[in-house]
Asks: 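Attaching a single structure in structure tokens format; questions to follow.
Atoms within a ligand are numbered from 1 in the order they appear, just like the ligands themselves.
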Amino acid sequence: MFTIKGKTTDWELVIGLETHIEVLSNSKLFSGASADYNPSISPNTQVSMVDVAMPGMLPVLNEYCVEQAIRMGLGLNAEISRKSKFARKQYFYPDLPQGYQISQPPEEPPIVGRGWVEIMGDDGKPKKILIERAHLEQDAAKLKHDIHPTKSFVDFNRTSVALLEIVTYLDTKNPDNTSYISSPDEMERYLREIREIARALGVSKANMEEGSMRSDVNVSVRPVGSKEFRTRTETKNMVSFKFIKSAIEYEARRQIEIYESGGKVSQDTMHYNQEDGTTSVARKKEDALDYRYFPDPDLLPLEISEETIERIRSTMPELPAATRARYINLGLSEYDAARLTESTDISKWFDAAVGDKPERAKQIANWMISELFAHPENWDVKNAVDTSEQGTARIITPENLAELVDMISASEINGKQAKEIFIKMLDGESGTPKEIADRFGMKQITDTGAIEKAVDDVINANPSQVEQYKSGKVGLLGFFVGNVMKATGGKANPSVVNEILKQKLS
Ligand code: ADP
Ligand code: MG
């Protein structure tokens, strides 16, 4: 369990995320204007009358966005509400000229109800994170304060683009239920899982850098073993794993210090300061906004038929959780399966390398995880390309790794030689592993005659070690193996060497 040491006791973390993903769709949630608002498009060119609240204009719900929400809901193993409503969430700010945001009211069933996603917990085991709800709402405009010294500008291109807000569930009535995010690492794995599900389904790019995925982060702490949840704070609009982690850690420590000095945490909305990694109060609890949700009279209740849900269900692709289960069936550990499904690109690469030979799976996984993932700063794992400055941009293809692994299995090369070939490939050596092995004379010696001769030479050259071995110091076997390997230029098959040595020394 992830804990933070306090002065007198250890503390555990309770984290809840409200995550907005921008829904992929040609047009906006309530208008026919293009939903593409990328920065290269001129401001205020993708705007319909209803987006900017011209009098008499009526919103029309975009059916495709609804389907996207259902698709994501199914990906979150959630109940889809057959009936849900839209409401006006009142607030006045220039980024929404209506004076309200059309959303789904918190006190009524949203389009997506209770669900769960599975992540790898900090103990390396699968862990379910419960989802409370996901609802559709419209995005707001982008305000630009840095164009003019005294004026602010507003770009309505993003106004009314569909957002799906996914909220994690905390079972406050049952504090023993641990199906919530309880560490910064679990937060990251949860968001990555949401991202991969959204991408696999084509529901969202869910890209934090581009702003198509952002999170509000709720944090509270409690002494380890405590049977109740404590007051949480909420840090809004976080757009990078690094910042979210830092905000969680800072906020947890701040709360612990308050409790340890006898104070009380107030349920405030916090602002995260990127410059120094601290949080500060943005809005006191007393000043919380009253949104006065009320039903939007322009929009009928949304009814979804069982057929629609089933039609969408029948087109669902394999999602990361199912991929993991498939990998575990291939003999991989839960840990390996989790690592290889961190992104669809990685799992596709792995699947391509395994091809139709499941017996390769374990070795392919080992090579990917210990060699490619070991240097994430240098590696674009998706393409297995060296991206470091010194990098020579050699691409290792899934086929290359498969061939390498097959050569080991067929005893054509040993593990050490395979590693050398692998490194040569990374260094830009051209050709397939077989060609490289030929070019550098890296054939493994499995010919027992040649190995026997080397073994005899080593035994004859080390009579005293032979004596010691025979009188019980069997740990010396490694010494003999090492010498035989050296004598054969590292080319001998180690298991054959072992066998022959044991035979001759007994
Ligand atoms: P609101 O709608 O007022 O923001 P919710 O009750 O919907 O509040 O909760 C928002 C998020 O905060 C949810 O993800 C929930 O799991 C989380 N949350 C609620 N209580 C706590 C708590 N004591 N500690 C940490 N997170 C919490
Ligand atoms: Mg909230």
Asks: Verify whether one side chain among Asp185 and Ser183 offers a donor that lies under 3.5 Å from an acceptor in the other.
Replies: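 Absent: no donor and acceptor within the cut-off.
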Asks: Find all atoms of ligand 1 within a distance of less than 4.0 Å from any non-hydrogen atom belonging to Gly16, and give their numbers and elements.
Replies: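 In order of numbering, the contacting atoms are 14 (O), 17 (C), 26 (N).
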Asks: Which is closest to atom 10 (C) of ligand 1 by heavy-atom distance: Arg133, Glu234, Arg222, Arg232?
Replies: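 Selected option, by shortest heavy-atom distance: Arg232.
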Asks: Which ligand 1 atoms, with their elements, are less than 4.0 angstrom from a heavy-atom of Glu18?
Replies: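 Answer, ordered by atom number: 4 (O), 10 (C), 11 (C).
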Asks: When you measure from the centre of the six-membered ring of Phe373, is the NZ or CZ of Arg339 closer than 6.0 Å and no more than 45° off the axis?
Replies: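 No, a cation-pi geometry is absent between Arg339 and Phe373.
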Asks: Just by distance, with hydrogens left out, do Ser212 and Ser204 show a side-chain donor and acceptor under 3.5 Å apart?
Replies: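 Side chains of Ser212 and Ser204: no pair found under 3.5 Å.
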Asks: Purely on distance, is any nitrogen or oxygen of Thr231 under 3.5 Å from one on ligand 1?
Replies: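 No - when backbone and side-chain N and O of Thr231 are compared with those of ligand 1, no distance drops under 3.5 Å.
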Asks: Between Gln267 and Thr231, is any side-chain donor less than 3.5 angstrom from a side-chain acceptor?
Replies: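 Absent: no donor and acceptor within the cut-off.
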Asks: Are Glu22 and His20 linked by a side-chain donor-acceptor pair shorter than 3.5 Å?
Replies: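 His20 and Glu22 do not have a side-chain donor-acceptor pair below 3.5 Å.
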Asks: Need the ligand 1 atom indices (1-based, order shown) with element for anything under 4.0 Å from a heavy-atom of Val167.
Replies: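 So the answer, numbered in order with elements, is 13 (C), 14 (O).
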Asks: If hydrogens are left out, which of Asn218, Thr168, Leu130 has an atom nearest to atom 13 (C) of ligand 1, that is, the closest non-hydrogen atom?
Replies: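 The nearest heavy atom belongs to Thr168.
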Asks: Donor-acceptor pairs are to be reported for all side-chain atoms of residues 291-304 against protein atoms at under 3.5 Å, with residues two or more places apart or in another chain.
Replies:
from	atom 1	to	atom 2	distance (Å)
Asp296	OD1	Asp298	N	2.8
Asp296	OD2	Arg88	NE	3.2
Asp298	OD2	Arg88	NH2	3.2

Asks: Below 3.5 angstrom, do we get any N/O pair linking Thr172 and ligand 1?
Replies: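 Not met; the criterion fails.
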Asks: In terms of atom number and element, which parts of ligand 1 are under 4.0 angstrom from non-hydrogen atoms of Leu17?
Replies: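 Taking each heavy atom of Leu17 in turn, ligand 1 has 14 (O) under 4.0 Å.
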